[in-house]
Amino acid sequence: SNWSDAGRLTQVFRTVQNGHLLHDSLTPSKETESQSQLNTWHGYVDWKNRPAITNKHGGLLAASFVLVVEVLENLAFLANASNLVLYMSEYMHFSPSKSANSVTNFMGTAFLLALLGGFLSDAFCTTYYIYLISALIEFLGLVVLTIQARSGSLKPPTCDLQAAPNVPCEQVHGAQAAMLFIGLYLVALGVGGIKGSLPPHGAEQFDEATPQGRKQRSTFFNYFVFCLSFGALIAVTFVVWVEDNKGWQWGFGISTFAIFLSIPIFLAGSSFYRNKIPCGSPLTTISKVLIAALVNSDVSRNSTSAIVSMTSSPSPPIPTGKEGGEDSNRKGVESIHTPSTSLSFLNRAVSDTPACSALECSVQQVEEVKIVMKILPIFACTIMLNCCLAQLSTFSVQQAASMNTKVGSLKVPPASLPVFPVVFIMILAPVYDHFIIPFARRVTKTEMGISHLQRIGIGLFLSIVAMAIAALVEIKRKGVVTDSGLIDSAKPLPITFFWIAFQYLFLGSADLFVLAGLLEFCFSEAPVSMRSLATSLSWASLAIGYYLSSVIVSIVNRVTGISTNKPWLAGSNLNHYHLERFYWLMCILSALNFMHYLFWAKKYKYTSVKSSK
């Protein structure tokens, strides 16, 4: 009987101060309770909202479902986005510049809405539910686009510039335009929610309290970009070919099926996921600290009244390690009792006499906001790269469309050009993870081998090289245009489109280094309560880059139109553009941005030793 086991019995009787003997309840030792705690992840639940179990939830198996889903999700998105500029110009009859701006605005909005997905994941719902809701929204948007592409009455009438060059094409308008943009921006809303929830959902499956968990998380981000590229490879080859040869209704239909298929695959991993419990709006914490710092600026503080008890914090930190485990004490999020000296103006938010109780802030909250503010300059420096990447789906596609796209007897669709960077990324990602990083770890004797900031810096440098190559290739293409006398002809130029592959190759490599590096940097450096929102900054950088590309094009056209009466990037014929000058301008801006990045990267201090190792 367990009652005879002295190791598991508490003291039956004890003498109390008044001399009486009181009977104590017989309770099992704390060993059982401790064992139960060790088997659960604190701050995480399963899909049924029960405590997540360490040996059952999380890990590589759970993350593998996320990687498969990413293949299908990015296939559904990029199958249309990569070729959309041609759909807008040939079927909706927008001009080349309007088509380019429409595509960049659509893609910019999709990536910017990732902030909404990240915010909702941190504040109200788990990443698990945000993904499912967003996938359904994207599915509805693709259904709308498929119906419009299938029905001739829902599109402008077709026109043939070669048969009737003096008859202008009718641009989409009215209800047809409304249907087009409703479908596009439903897709954008769904894509934004997915981008804001899926990467952090996968990264949350790993135990960052152990070196193995952190290495597996780094591998996850590398293979996340690999799977993203794999989906893109199918999109820009098979689906684009279907769109160009079988019709856009089939292309949209394949995308619709892909995003629909991703939902049951994601649900199949439900029993393996560990889901971080939302802990309130991170924007509320950030706003409260900033406002409190301003309001309390005139309130004098001394060392004894500066710190508010951490137990009164309205949003306590969430440990990420195993509950009750030794690692959770050392490597979980620990309470901070002394404010740091960096960004010291925010320390004013901590006061034992706040202006009002709603502005009462803990040191922990102040330090979390400081971390976010230190991440922002790094995030801002990646925007220029994404401005350059916007050219891959706009002007570069139009350049290729004017060139000879035949490979033997096969005619390659211009929108399939991204196959070059995609294939290179798929080769480089495993090589980077299995060869370059282990070698760098042996050389540097650090856990990371190559730090996040070094990786981002390599990508930004490659973007400078890419834009210089793009300018040189355009000079060559324009030379062929002049020599062949095909300036106003719709015939393909006697120059292979493989020349465009060089700029795609370098920009694709830059994207691999920056996107994977920034995703992991934001996730690992951000406070636990703000990780989904912080990771979404990687996609927001893409969004702002696409918007900035449209703004730069507009500014360049306005300035050059005033000075030369002929804007560089205006008109319906790409051969009349001064695209090479625009690419040189982007190269100069990228170089200035790289120097700006070096300034902030040198100043940045990682939040913990494990992040920099």
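All residue numbers in this chain count up from 1 along the given sequence.
Note: I383 CD1 to L548 CG = 7.5 Å, rounded to the nearest 0.5 Å. Between the CG atom of L184 and the CG atom of N105 there is a distance of 11.0 Å, given to the nearest 0.5 Å. Atoms CZ and OG, on R531 and S121 in that order, are 14.0 Å from each other to the nearest 0.5 Å. For the atom pair CG of L228 and CG of N74, the computed distance is 3.5 Å after rounding to the nearest 0.5 Å. Taking OG1 of T54 as the reference point, atom CH2 of W41 lies at 6.0 Å (rounded to 0.5 Å). Between the CZ atom in F221 and the OG atom in S538 there is a gap of 8.0 Å [rounded to 0.5 Å].
For I375, the side chain to side chain contact (heavy atoms under 4.5 Å, CB included) criterion is met by I371, F521, C522, E525, A526, L537, Y604, not counting sequence neighbours. Scanning for salt bridge (charged side-chain N to carboxylate O under 4.0 Å, His left out) contacts around D46 gives R50, with sequence neighbours left out. For L346, the side chain to side chain contact (heavy atoms under 4.5 Å, CB included) partners are V289, L290, A293, L343, V366, V369, K370, M373, not counting sequence neighbours. Residues satisfying the side chain to side chain donor-acceptor pair (under 3.5 Å) criterion with T109, sequence neighbours excluded, are Y547. Evaluation of the ring pair (Phe, Tyr, Trp, His ring centres under 6.0 Å) rule for F260 yields F139 as partners, not counting sequence neighbours. Take L462 and apply the side chain to side chain contact (heavy atoms under 4.5 Å, CB included) test, not counting sequence neighbours, and it matches I458, F506, S509, A510, F513. Taking I425 as the reference, V225, S229, L512 meet the side chain to side chain contact (heavy atoms under 4.5 Å, CB included) condition, with sequence neighbours excluded. Judged as a ring pair (Phe, Tyr, Trp, His ring centres under 6.0 Å), and not counting sequence neighbours, F181 has no contacts. Evaluation of the side chain to side chain donor-acceptor pair (under 3.5 Å) rule for Y185 yields no partner, not counting sequence neighbours.
The closest donor-acceptor contact from the side chain of S549 to the backbone of G545 lies at 3.5 Å or more, if one exists at all. Side-chain atoms of Q205 do not come within 3.5 Å of backbone N or O of L60 as any donor-acceptor pair. For the pair N386 (side chain) and T382 (backbone), a donor-acceptor distance under 3.5 Å is present. Put simply, the side chain of R441 never gets that close to the backbone of T446: no donor and acceptor are under 3.5 Å apart. In this structure, the side chain of S536 engages the main chain of A114 through a donor-acceptor pair within 3.5 Å. The closest donor-acceptor contact from the side chain of N39 to the backbone of I53 lies at 3.5 Å or more, if one exists at all.
Between I378 and H452, the closest side-chain pair of non-hydrogen atoms is not below 4.5 Å. Taking 4.5 Å as the limit, some side-chain heavy atom of T285 sits within range of a side-chain heavy atom of M530. Contact annotation: the side chain of L116 approaches that of L189 to within less than 4.5 Å [non-hydrogen atoms, C-beta and beyond]. No side-chain heavy atom of K603 sits under 4.5 Å from any side-chain heavy atom of P377. The shortest distance between side-chain heavy atoms of L113 and W539 does not fall below 4.5 Å. A 4.5 Å side-chain heavy-atom check between R274 and K56 finds every atom pair outside the cut-off. Residues T219 and R214 form no side-chain contact, since every pair of their non-hydrogen atoms from C-beta on lies 4.5 Å or further apart. At least one side-chain heavy atom of C361 sits under 4.5 Å from a side-chain heavy atom of K288.
In summary, the aromatic rings of F77 and F111 are positioned with their centroids under 6.0 Å apart.
When every heavy atom of G183 is checked against every heavy atom of V144, the shortest pair comes out as CA-CG1, 3.9 Å. Nearest approach of L453 to A601, heavy atoms of both residues: CD1-O, 3.9 Å. Nearest heavy-atom pair, A135 versus I263, reported as atom, atom and distance to 0.1 Å: CB-CG1, 3.8 Å. Annotation for N222 and A516: closest pair OD1-CB, 4.2 Å, computed over non-hydrogen atoms. Considering every non-hydrogen atom in both G108 and A543, the closest pair reads O-CB, 2.8 Å. The heavy-atom pair separating S541 from F379 by the smallest distance is N-CE1, 3.5 Å.
R217 forms no cation-pi arrangement with F206, by the criterion of a distance under 6.0 Å to the ring centre and an angle within 45° of the ring axis.
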Apply side-chain contact (heavy atoms from CB on, under 4.5 Å) to residues L115 and L533 and explain how you reach the verdict. CA-CA 6 Å; L115 290 173; L533 181 62; 4.2 Å; yes
List the steps, then state whether side-chain contact (heavy atoms from CB on, under 4.5 Å) holds for C381 with N593. CA-CA 6 Å; C381 290; N593 177 71; 4.2 Å; yes
CA sep, side-chain torsions, deciding dist, call: I464, L460, side-chain contact (heavy atoms from CB on, under 4.5 Å): CA-CA 7 Å; I464 302 172; L460 295 180; over 6 Å; no
Verdict with supporting geometry, F226 and Y223, ring-ring contact (aromatic ring centres under 6.0 Å, His included): CA-CA 5 Å; F226 173 89; Y223 276 94; 5.7 Å; yes
ring-ring contact (aromatic ring centres under 6.0 Å, His included) for Y273 and F266? Distances and angles first, verdict last. CA-CA 10 Å; Y273 300 141; F266 183 82; 5.2 Å; yes
Report the C-alpha distance between K605 and S342 in whole Å, list the side-chain angles of each, state the deciding distance to 0.1 Å, and finish with yes or no for side chain to side chain donor-acceptor pair (under 3.5 Å). CA-CA 10 Å; K605 303 295 182 185; S342 62; over 6 Å; no
Take M384 and S463 through the test side-chain contact (heavy atoms from CB on, under 4.5 Å) and record every step on the way to the result. CA-CA 9 Å; M384 193 62 217; S463 70; over 6 Å; no
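Applying the salt bridge (Lys or Arg N to Asp or Glu O under 4.0 Å) test to every pair with at least one member in residues 118-128, sequence neighbours left out, gives these pairs: D122-K276. Within the structure, salt bridge (Lys or Arg N to Asp or Glu O under 4.0 Å) contacts touching residues 185-206 (residues at least two apart or in different chains) are E70-K195, E73-K195.
A donor atom on one side chain and an acceptor atom on the other are found under 3.5 Å apart for S218 and E520.
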Output a table of donor-acceptor pairs, distance under 3.5 Å, between side-chain atoms of residues 127-134 and any protein atom two or more places apart or on a different chain; print 'none' if there are none.
from, atom 1, to, atom 2, distance (Å)
T127, OG1, H201, ND1, 2.8
Y128, OH, S270, OG, 2.6
Y129, OH, W47, O, 3.3
Y131, OH, S262, OG, 2.7
S134, OG, I130, O, 2.8

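The aromatic rings of H596 and W600 sit perpendicular to each other, their planes meeting at more than 60°, with 30° as the lower class boundary.
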